[in-house]
Amino acid sequence: MSKLPLLINWFKDHKGSVTAFSGGVDSSLVLYASKLALGDQAIGLISNSESLKTKDFEIATNFCKKHNIKLRVIKTDELNDPNYTANPANRCFFCKTHLYEAMVDILKAEYPDYTILNGTNLDDLGDYRPGLEAAKNHAIRSPLAELKINKKEVIAMASELGLETATKPPSPCLSSRIPYGTAVNSIRLKQIEQAEYILNQFGFNNVRVRYLGEEASIEVPVSDLSSLKNQFNAISKDIKALGFSKVLIDQEGFVSGKLNRVLHG
């Protein structure tokens with residue numbers, strides 16, 4: 001049985017909410033449910049920073065336009081924070097801290113009775129996510145996790161509602177393509193974004209380009225490896241034009257969060 005009524009009912013004691021919105025399926029579901037429950041007192045907020053793909057920003061803004069949801073756009077300043085740009089294992093903590101601090105300031109000034117929400121689901125609690133600590137520090141509420149709604153149920157509910165983000169592949173921030181300890185900067189983020197866009201242009205949707213210094217390592221699902229190899233010469237030429245000296249194919253295929261393996265030895 002769908003937990004959608006349970007999710008919508010979660011908002012009954014809230015005067016209004018501001019959801020940290022990324023354009024992904026989790027935060028889309030929370031934001032849309034808040035709209036159903038709270039109407040115009042449901043607001044989305046997105047940071048259009050360098051670590052967010054332009055494509056994902058466009059998806060997020062189009063989602064809110066289509067569903068008549070108010071969206072606040074800000075720009076956080078994590079690339080001027082050495083704690084973030086040094087790219088430690090808890091980089092996400094510093095990124096989310098910048099976001100949540102900005103959201104808290106906005107709520108204090110404009111929406112003092114509203115609640116800040118995020119799209120954390122039950123499965124996220126069992127993953128390595130330093131951003132969860134930042135959420136806890138700023139009293140951010142997570143309706144999906146609180147209601148024990150997992151990723152599979154999120155996708156099912158988004159599909160039930162006809163949300164276009166139900167089939168959107170996960171798209172974590174661009175900094176997640178850079179190995180821990182390798183500095184994050186706007187030039188490297190743009191290289192990664194443009195390289196992944198090239199792969200999209202060649203017909204590959206669920207992709208990662210890992211930044212390995214002068215080398216770019218391409219990950220696509222195993223089922224797409226044969227097609228990638230067939231087009232590799234043209235793809236490699238275009239990606240090298242971005243400033244990479246070598247382009248590699250990861251023969252293991254796409255694995256979300258692959259760079260986190262170093263944390264577990």
Side-chain angles (χ1 to χ4, degrees), residues 11 14-35 38 40-65 67 69-121 124 129-146 165 170-176 178 183-186 188-190 193:
F11 293 92
H14 298 267
K15 292 183 178 180
S17 64
V18 180
T19 301
F21 187 45
S22 67
V25 64
D26 301 300
S27 57
S28 294
L29 178 62
V30 172
L31 181 55
Y32 189 81
S34 71
K35 172 70 174 182
L38 301 172
D40 290 340
Q41 279 66 55
I43 298 170
L45 182 144
I46 189 167
S47 174
N48 189 20
S49 66
E50 290 88 347
S51 61
L52 177 70
K53 277 188 172 184
T54 301
K55 178 180 174 183
D56 289 335
F57 179 71
E58 291 172 353
I59 289 171
T61 53
N62 288 337
F63 179 90
C64 290
K65 287 177 184 175
H67 300 290
I69 298 171
K70 183 178 180 180
L71 180 66
R72 289 286 297 267
V73 179
I74 64 171
K75 183 170 182 179
T76 48
D77 204 23
E78 60 269 19
L79 282 186
N80 285 322
D81 180 357
N83 291 311
Y84 177 87
T85 57
N87 201 9
N90 64 339
R91 177 196 65 241
C92 291
F93 169 80
F94 299 105
C95 178
K96 294 298 186 184
T97 295
H98 281 276
L99 175 64
Y100 294 142
E101 283 179 351
M103 294 183 76
V104 167
D105 289 344
I106 289 171
L107 260 71
K108 284 180 179 178
E110 301 178 42
Y111 311 104
D113 297 326
Y114 283 26
T115 307
I116 301 177
L117 312 177
N118 65 21
T120 300
N121 67 58
D124 294 332
R129 292 181 181 265
L132 296 178
E133 183 182 352
K136 183 179 179 180
N137 290 347
H138 293 84
I140 311 301
R141 300 290 297 275
S142 305
L144 301 177
E146 291 178 24
T165 52
S171 184
C173 83
L174 291 166
S175 299
S176 67
I178 301 176
V184 175
N185 60 47
S186 59
R188 292 170 178 175
L189 296 176
K190 185 58 67 177
E193 179 176 18

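Judged by distance alone, with hydrogens and angles left aside, the side-chain atoms of Asp124 form a donor-acceptor pair with the main-chain N or O of Asn121 at under 3.5 Å. Without hydrogens or angle criteria, Asp56 side chain to Leu52 main chain gives no donor-acceptor distance under 3.5 Å.
The distance from atom OG of Ser51 to atom CZ of Arg91, rounded to the nearest 0.5 Å, is 8.5 Å. Between atom SG of residue Cys92 and atom CG of residue Asn90 there is a gap of 8.5 Å, rounded to the nearest 0.5 Å. In this structure, CG on Leu144 lies 6.5 Å from CG on Asp26, to the nearest 0.5 angstrom. Of the inter-residue distances, the one linking Phe94 atom CZ with Asn87 atom CG reads 11.0 Å to the nearest 0.5 angstrom. Rounding to the nearest 0.5 Å gives a distance of 10.0 Å between OH of Tyr111 and CD of Gln41.
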Verify side chain to side chain contact (heavy atoms under 4.5 Å, CB included) between Ser142 and Val30, making sure each step is shown before the conclusion. CA-CA 9 Å; Ser142 305; Val30 172; over 6 Å; no
Start with the C-alpha distance between Asn185 and Arg188, add both sets of side-chain angles, then the distance that settles side chain to side chain contact (heavy atoms under 4.5 Å, CB included), and finish with yes or no. CA-CA 6 Å; Asn185 60 47; Arg188 292 170 178 175; 3.3 Å; yes
The test is side chain to side chain contact (heavy atoms under 4.5 Å, CB included); show your working for Val104 and Ile116 and say whether it passes. CA-CA 8 Å; Val104 167; Ile116 301 177; 3.8 Å; yes
Does the pair Met103 and Val18 meet the rule for a side chain to side chain contact (heavy atoms under 4.5 Å, CB included), with working shown? CA-CA 8 Å; Met103 294 183 76; Val18 180; 3.7 Å; yes
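Listed here is the closest heavy atom pair of Leu99 and Ala20: CD2-CB, 4.2 Å. Pairing each heavy atom of Thr19 with each of Ser34, the nearest pair is OG1-OG, 4.3 Å. Between Thr85 and Pro82, the shortest heavy-atom distance links the atoms OG1-CA, 3.3 Å.
Taking the six-membered ring where tryptophan is involved, the planes of His67 and Tyr32 are perpendicular, since the angle between them exceeds 60° and thus also 30°. Taking the six-membered ring for Trp and thresholds of 30 and 60 degrees, Phe11 and His14 have ring planes more than 60 degrees apart, a perpendicular arrangement.
Between Leu132 and Phe93 the shortest side-chain heavy-atom distance does not fall below 4.5 Å. Taking 4.5 Å as the limit, some side-chain heavy atom of Leu189 sits within range of a side-chain heavy atom of Leu79. With contacts defined as side-chain heavy-atom distances shorter than 4.5 Å, the pair Ser17/Ile43 does not qualify. The closest side-chain heavy-atom distance from Glu50 to Val184 is not below 4.5 Å. Residues Leu117 and Thr115 form a side-chain contact, since some pair of their non-hydrogen atoms from C-beta on lies under 4.5 Å apart. A 4.5 Å side-chain heavy-atom check between Lys53 and Ser171 finds at least one atom pair inside the cut-off. For the pair Leu71/Ile46, a side-chain contact is recorded, criterion being any heavy-atom separation below 4.5 Å from C-beta on. Side-chain contact between Ile74 and Leu45: present, with at least one pair of heavy atoms (C-beta onward) separated by less than 4.5 Å.
Note on Glu146 versus Arg141: salt bridge recorded, some NZ/NE/NH1/NH2 to OD/OE distance being below 4.0 Å. In summary, Lys55 and Glu193 do not engage in a salt bridge, as defined by a charged side-chain N under 4.0 Å from a carboxylate O.
For the residue pair His98 / Asp81, a side-chain donor-acceptor distance below 3.5 Å is found, with atom types taken as modelled. Using a 3.5 Å distance cut-off with no hydrogens or angles, the side chains of Ser22 and Ser27 do pair a donor with an acceptor. At a cut-off of 3.5 Å, with distance as the only test, a side-chain donor of Glu78 or Ser49 sits close to an acceptor on the other residue. Checking Ser175 against Tyr84 by side-chain atom types alone, a donor-acceptor pair falls below 3.5 Å.
Summarising the local packing, NZ of Lys35 is surrounded by more than 12 heavy atoms from other residues, nucleotides or ligands at distances under 6.0 Å. Within a 6.0 Å radius of CG in Asp113, other residues, nucleotides and ligands contribute more than 12 heavy atoms.
In summary, of the residues considered (Asn137, Asn118, Thr76), a side-chain hydrogen bond (donor to acceptor under 3.5 Å, both in side chains) with Tyr100 occurs for Asn118 alone.
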